[in-house]
Amino acid sequence: MAIGRVISNSVSSLFRSSSLRRFYSSSIPYHLQQVGFIGLGNMGSRMASNLIKAGYKVTVYDLNHSAMKFFSDKGILTKDSPSEVAEASDIVITMLPSSTHVLDVYNGPNGLLHNGNILRPWLFIDSSTIDPQTSRKLSEAVSACALEDKKDYWETPVMLDAPVSGGVLAADAGTLTFMVGGLEEAYQAAKPLLLSMGKNTIYCGGAGNGSGSILHLALLSGNKFCDSYNPVPGVMEGVPSSRNYDGGFASKLMAKDLNLATTSAKEVGVRVPLASEAEQIFMGLCDEGHETKDFSCVFRHFYRGKDEL
């Protein structure tokens, strides 16, 4: 499958740099060492690989069996469901396409909360870009549970919403920026873990504020697009436009994120006409059959297939 080749080609260099062996650093606190990672797509596979490179003991799960096989072939522990990941982990990170997927992983059959009110993980981190309301509901559900074993002064499990800015290139390079919402003490405890996958963390306040902040950022971003992610083929190396717009941030995900942003704006009475227009453009792009191509292919949407300005 194409997705398997993309993951294999881009992630294998990270395993080579760690001599194809699993290890962990004695500098990693014991309550951070066992990490479960759910969602091994273009972003998640790279984030999980950077955790492994940094020395964390990682257990992974994804519906895509070829993605899991790549990790299992390298000696990384895989599980058959989110609940099995939770049983083997002190921390669980999710990186999924939408709110629906996140809710299913947490609340669905064999989900992270499937075992009821007694959980092993003391911390859940959702790095998916979803609506703040869903983040807050899940945070409440997690906090209503109890811990199987107490971790330091954590008596109940906690959740952070920690969506990222930076895209696939930054996920690969480990230079993501995390916008984090939730209990500040949990954010401080998880900061070393986040910095193994990124270079910046920004604490945004209570539960749901990380999700809200990343949507706000989506409404404001775009000015540096051509400098760092040029959409014209042949201008920059190593970006999706140089490989027929494959292997980047899918147009369907951009349409989803814009929909979340415009919906959130409407809920607080803010008009965002340019964002609404952008949402319609990307929805049209998906309707034309380009939903899996990198969002920078919107360039061709306006220039009718031409590869020059």
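Just so you know, residue 1 is the first one in the sequence shown, and it goes up from there. These figures come from a predicted structure and were not determined experimentally.
Here OG of Ser276 is found 9.5 Å from CG of Asn259. Values are rounded to the nearest 0.5 Å. Within the model, atoms CG of Leu147 and CG of Asp90 stand 10.0 Å from one another, a figure rounded to the nearest 0.5 Å. The CG atom of Leu40 lies 9.5 Å from the CG atom of Leu96; values are rounded to the nearest 0.5 Å. Rounded to the nearest 0.5 Å, atoms CD (Glu140) and NZ (Lys137) are 9.0 Å apart. Atom CG in Leu103 sits 7.0 Å away from atom CD1 in Ile130 (nearest 0.5 Å). To the nearest 0.5 Å, atoms CG (Asp104) and CG (Leu112) are separated by 10.0 Å.
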Subject >> Audit row: Ser98, His101, side-chain contact (heavy atoms from CB on, under 4.5 Å) steps and yes/no >> reply: CA-CA 5 Å; Ser98 69; His101 295 91; 2.6 Å; yes
**OP:** Could you walk me through whether Asp294 and Val168 pass side-chain contact (heavy atoms from CB on, under 4.5 Å), step by step?
**Re:** CA-CA 10 Å; Asp294 181 74; Val168 174; over 6 Å; no
Original post:
Do Asn244 and Lys293 pass the side-chain contact (heavy atoms from CB on, under 4.5 Å) test, and can you show the C-alpha distance, the side-chain angles, and the key distance before you say yes or no?
Top reply: CA-CA 8 Å; Asn244 196 31; Lys293 293 291 186 180; 3.3 Å; yes
**OP:** Evaluate the criterion side-chain contact (heavy atoms from CB on, under 4.5 Å) for residue pair Gln34 and Arg120; output intermediate values, then yes/no.
**Re:** CA-CA 11 Å; Gln34 300 281 358; Arg120 174 180 171 177; 3.9 Å; yes
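Judged purely by distance below 3.5 Å, without hydrogens or angles, the side chains of Tyr187 and Thr201 pair a donor atom with an acceptor atom. Ser196 and Asn50 share no side-chain donor-acceptor pair at under 3.5 Å.
For the pair Leu77 and Lys57, the minimum side-chain heavy-atom distance is 4.5 Å or more. In this structure, Val158 and Glu185 have side chains that are not in contact, with every pair of non-hydrogen atoms separated by 4.5 Å or more. Between Phe295 and Ser251, the closest side-chain pair of non-hydrogen atoms falls below 4.5 Å. Residues Ile125 and Leu193 are in side-chain contact: their nearest non-hydrogen atoms beyond the backbone lie under 4.5 Å apart. Under the 4.5 Å side-chain criterion, counting only non-hydrogen atoms from C-beta, Leu169 is not in contact with Thr175. Under the 4.5 Å side-chain criterion, counting only non-hydrogen atoms from C-beta, Phe71 is in contact with Ser49. Annotation: side chain of Asn117 is in contact with side chain of Cys145 (closest heavy-atom distance under 4.5 Å). Side-chain contact between Cys297 and Leu285 is present, with at least one heavy-atom pair separated by less than 4.5 Å.
Across all their heavy atoms, Ser296 and Ser241 have their closest contact at OG-N, 4.4 Å. Among all heavy-atom pairs drawn from Ser127 and Ala162, the shortest one is OG-O, 2.9 Å. Listed here is the closest heavy atom pair of Ser72 and Thr78: CB-CG2, 3.8 Å. Here the shortest heavy-atom pairing between Ala207 and Ser139 reads CB-OG, 3.7 Å. The minimum heavy-atom distance linking Phe37 with Val85 is given by the pair N-CG1, 4.3 Å. Pro157 approaches Leu119 most closely through the heavy-atom pair CG-CD1, 4.0 Å.
Note on Met283 and Leu260: separate hydrophobic clusters, where clusters join Ile, Leu, Val, Met, Phe, Trp and Tyr whose side-chain heavy atoms are under 4.5 Å apart, directly or indirectly. Under the 4.5 Å side-chain heavy-atom criterion for Ile, Leu, Val, Met, Phe, Trp and Tyr, Leu123 and Tyr203 are members of the same hydrophobic cluster. Val180 and Leu195 are not part of a single hydrophobic cluster, where members link through side-chain heavy atoms under 4.5 Å apart.
A donor-acceptor pair is defined here as one N or O able to donate and one able to accept, closer than 3.5 Å; no such pair exists between the side chain of Asp161 and the backbone of Ser135. Of the possible donor and acceptor atoms, none in the side chain of Lys199 sits under 3.5 Å from a partner among the backbone N and O of Ala170.
Heavy atoms from other residues, nucleotides or ligands lying under 6.0 Å from CD of Glu237 number 12 at most. Counting non-hydrogen atoms of neighbouring residues, nucleotides and ligands closer than 6.0 angstrom, the NZ atom of Lys252 reaches no more than 12 such neighbours.
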